[in-house]
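What you are looking at is a predicted structure, and each value in this text was computed from that prediction instead of being measured.
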Amino acid sequence: MYPPSRKDFISLTLSDPHSHSYNNGKHRRQSCWRKWKQLSRLQRSLILFLLALLLIFGLLSYPSITKQWGGKQCPHYAHTVTGRESQHLFLLHTFLTCRLKPCCAQSSNIIFCLLKTIRKCDMHIIASYRTQTFKIALSFFINLFCWPLLVVSTGKVDRLEAVREAFRHAWKGYKDHAWGHDELKPISKSFGEWFGLGLTLIDSLDTMWILGLKEEFGEARTWVEKELSFSKNVDVNLFETTIRVLGGLLSTYHLTGDQLFLDKAKDLGSRLMPAFKTPSKIPFSDVNIGKGTAHPPRWTSDSTLAEVTSIQLEFRELSRITQEPQYQDVVNEVMKLVHRLPGKHDGLVPMFINTNSGQFTHKGVFTLGARADSYYEYLLKQWIQGGKTEDDLLEDYLQAVEGVKKHLVKQTGPSGLTFVGELSHNRFNAKMDHLVCFLPGTLALGAHNNLPGDHMDLAVQLMETCHQMYTQMETGLSPEIAHFNLQTSDGHDVVVKPADRHNLLRPETVESLFYMYRFTKDTKYRDWGWEILQNFNKYTKVPGGGYTSINNVRDPVNPGPRDKMESFFLGETLKYLYLLFSDDTELLSLDKYVFNTEAHPLPIWPSPPK
Ligand code: DMJ
C-alpha cells in the first residue's frame, strides 16, 4: 500500500497462523520467552539437546540438499504444486532435502531463507519455486517421549491470483472515480481526460478476458455497447489511439468473437484515415475523429518516427478481417517510404520525419528509446504477422540490430552490465530509457523465429540490465531513465539523475520477462517479475483503489505519488505479469499471436498478405 516505509526485501516472514493481523516483535518475543521460562531445567536441556540434534541432522543433509538444488524436483514437491491452496505435511528430512529448495534456490541468497522472527514458535517461510510462491508453516512439536518432528505444512500463494487481485484493486479505483473516462487519478479520487474515449476501459478489455474477470468484463462491455461513441469533436493522437483503442478492440474481438468490438474497430479505423492525407503520405500526428480533419502538432510539421511506423499491425489486421484494403495500403506505404529513405545509420533511424517532404529531420540522433523504440519492434512483428514473407521488413530489422550492436551496445565499468545507449552526432551517451527494456523481449522473439542466435545472447544480457535497473533502486522499481557508469573504477553501475527518478508503472521490463520465460523456461525471470509486482504493491498501490505513478524510486519513505494511473498499467503491465506466471503456454501462444506495442494480441495470419 502507498505510502509504505521501506523494508528490506526478504523472502521469509513469520507470523501467527491463526491471526492475520500484525503484532509487533516485542510481543512475539515475550510470548515465546514466557513459554521457555515455564519449562523445567530438564525439559529445557532436552529441548536444547534435540535442537542440537536437528542442527547436526541439517548439516548432514546439506550435501543432499545442494545435490537436489542442481538436479530434479523432489517427488513430494510435485504433489504440492498440483493442489490449490493445499496443506501438506512433511517430515523434517523432507523439509531439509526438498522444501528448502524452492526458497533458497530461487532467491539466490540462502540468508533470505533464515528465520526473521518467531511467534509462538510458529513460523512461515515465503518460498518461491517455478510457477508458484508457497507459504510454508513450520511448527515444532516437541514431545519428550517421542522423537521430535518438524512438521511442515504449505499453502500455495498463487501468483496468478495476486495479479488478479492487483487488477481488481486498480479496476475498483477506476470504476469508483473515473468510470468511462480516460485515466484514474487515484490520490485525488478523480479522473483525467486525454481523448475522452474511455482509454483505460478499452485498454483493459482483453486483460480482463485473459484474467478471467468475467463480471468486470461484462460491465465494461455494456459501457462499450451503450456509451462508447467515436462521433465526437475531439483531436486524438493517431498512434496512441491506434495502439490502445483500435488494438484493444481488435484483440478483444479475436478473443471473444463478439461482433460489437469489430464494429467499433471499423468505425474508429475509418475515422482515423484522414491522418494519411498529407503531401508525403507520412501521417499527421493528430486527427479530429468527429470532423474528419487532421493536422501536425502546433509547433512543427514533423511526425514522430515511432508513431508513424507503429500503427501497421492494427491497420493491416483491420484490412484482413474487413476485406477492405485501404487500411493496410496507407500504412504499408509508410513502411515502403521509410525503407528506401536515406539518412539511416546502419539501420538506425532518426526520431522525426516530415509530413510535407517525407524526409527524416533532426538527423544524427539515434536511440532505441522514446520516439524510435517501436519502429524496431514493429519491423519484426509485421514480418511475423504476415507469415515471414515480407523481406524488406526482415532486412530492415536485421540491419537495425547490427546497427544497435555496432553503435549503441556497451558494458558498464564496475560489473560489465550490457546496456543500449544513444548516439548524438557521433557522441555516445550512456543513457537508456526504461522504454528500451522492450528490446530483450523483441530480440528473443526474433531468435525464436530462427533469426541469429546472438540476438538471444544479447537479449539475456539486456534482460539482466533491466532487472538491475529495478533491484539497484531503494524501492525495487526502475527509474524512467538510467545512466550507466562506463568507468572501470568501483562505483555504481546505474546512476539516476534527479529529473529521471519517476516510475510510470511501465510494462517494458515485465513484457520482456514474459518473452524470456516463454522461450527459456528459466524460472528466475518469473521471480524477477514477482518482485516487481510486490514492489508495485508496496510503493504504488493506493488505499481504496488504484495504483499511482511515483516521483522518486530512490525514496522508499516518500516515493511521491503522482496521482495518475496510466491505462497501460492495466492494458500491459498486469497482462504481461499474468502471462509470465501462467503455466499455460497455449494461452496466447507466441506462434499464433503477435502482441502489438500496447500488449494487445493479434493473430499471426494463416496466409501471407496480398
Ligand atoms: C505504451 O503506450 C506502449 O507500450 C508504447 O509502445 C510505449 N509507451 C507505453 C508504455 O510504456
Side-chain angles (χ1 to χ4, degrees), residues 237-240 242-244 247 285 302-314 331 334-335 338 344-353 360 362 365-384 393 396-405 407-409 418-424 429-446 455 458-459 462-463 465-466 469 478-482 484 500 502-515 566-568 571-573 576 594-600:
N237 175 282
L238 170 69
F239 164 74
E240 298 291 356
T242 300
I243 65 168
R244 301 188 199 212
S285 60
D302 289 349
S303 284
T304 296
L305 196 91
E307 293 195 357
V308 300
T309 54
S310 312
I311 48 180
Q312 279 66 12
L313 291 176
E314 301 81 358
V331 294
V334 176
M335 293 314 294
V338 173
K344 288 186 215 141
H345 188 44
D346 290 324
L348 304 176
V349 288
M351 292 148 72
F352 295 96
I353 186 162
F360 290 129
H362 300 76
V365 180
F366 301 100
T367 174
L368 266 275
R371 298 189 182 278
D373 48 359
S374 44
Y375 160 72
Y376 303 100
E377 178 188 351
Y378 268 38
L379 287 174
L380 178 73
K381 288 182 173 177
Q382 286 177 81
W383 178 69
I384 292 172
L393 294 167
D396 287 351
Y397 178 72
L398 290 173
Q399 210 192 354
V401 176
E402 289 313 304
V404 169
K405 287 195 288 187
H407 300 290
L408 304 183
V409 170
T418 300
F419 67 97
V420 178
E422 297 181 354
L423 209 56
S424 180
N429 188 357
K431 156 185 180 270
M432 178 167 146
D433 295 350
H434 181 274
L435 288 168
V436 181
C437 289
F438 81 92
L439 190 58
T442 297
L443 288 168
L445 180 65
H455 288 202
L458 182 56
L462 290 174
M463 193 73 261
T465 303
C466 291
M469 283 165 65
S478 169
E480 176 73 357
I481 298 170
F484 290 89
D500 304 334
H502 47 293
N503 179 296
L504 305 183
L505 312 170
R506 283 197 192 275
E508 290 76 19
T509 294
V510 294
E511 168 186 355
S512 283
L513 288 172
F514 157 65
Y515 285 100
E566 300 274 356
S567 78
F568 50 68
E572 297 194 70
T573 310
Y576 281 129
V594 66
F595 286 81
N596 86 341
T597 193
E598 189 75 6
H600 297 303

L504 and E480, any side-chain heavy atoms less than 4.5 Å apart: yes
Nearest non-hydrogen partners of A306 and D373, listed with the distance: CB-OD1, 3.7 Å
Point-to-point distance, once rounded to the nearest 0.5 Å, from CE of M335 to CD of Q382: 4.5 Å
Modelled atom types, side-chain donor and acceptor of T597 and E377, under 3.5 Å: yes
D396 vs Y376 side-chain heavy atoms within contact, under 4.5 Å: no
D433 versus A370, closest heavy-atom pair with distance: OD2-N, 3.0 Å
Ring geometry between Y515 and Y576 (parallel below 30°, tilted from 30 to 60°, perpendicular above 60°): tilted
G247 backbone acceptor or donor facing N596 side chain under 3.5 Å: no
Side-chain heavy-atom pair R506, T573 within 4.5 angstrom cut-off: no
Heavy-atom check, side chain of L445 versus side chain of H455, under 4.5 Å: no
Distance, nearest 0.5 Å, that separates CG of N429 from CG of L408: 10.5 Å
T304 and F352, any side-chain heavy atoms less than 4.5 Å apart: yes
Minimum heavy-atom distance E572-A599, with the two atoms named: CG-CB, 3.5 Å
M463 side, atom CE; L439 side, atom CG - distance, nearest 0.5 Å: 10.5 Å
Flag, side chain of K344 to backbone of V338, donor-acceptor distance under 3.5 Å: yes
Given L443, L368, L462, T509, the one that forms side chain to side chain contact (heavy atoms under 4.5 Å, CB included) with F438: L368
V365 vs M351 side-chain heavy atoms within contact, under 4.5 Å: yes
Pairwise side-chain contact, F419 with T465, heavy-atom cut-off 4.5 Å (strictly under): yes
Heavy-atom side-chain proximity of C437 to M432 below 4.5 angstrom: yes
Partner residues of S310 under the side chain to side chain donor-acceptor pair (under 3.5 Å) criterion, sequence neighbours left out: S374
CA sep, side-chain torsions, deciding dist, call: H434, E508, side-chain hydrogen bond (donor to acceptor under 3.5 Å, both in side chains): CA-CA 7 Å; H434 181 274; E508 290 76 19; 3.1 Å; yes
R371, CZ: over 12 other non-hydrogen atoms inside 6.0 angstrom: no
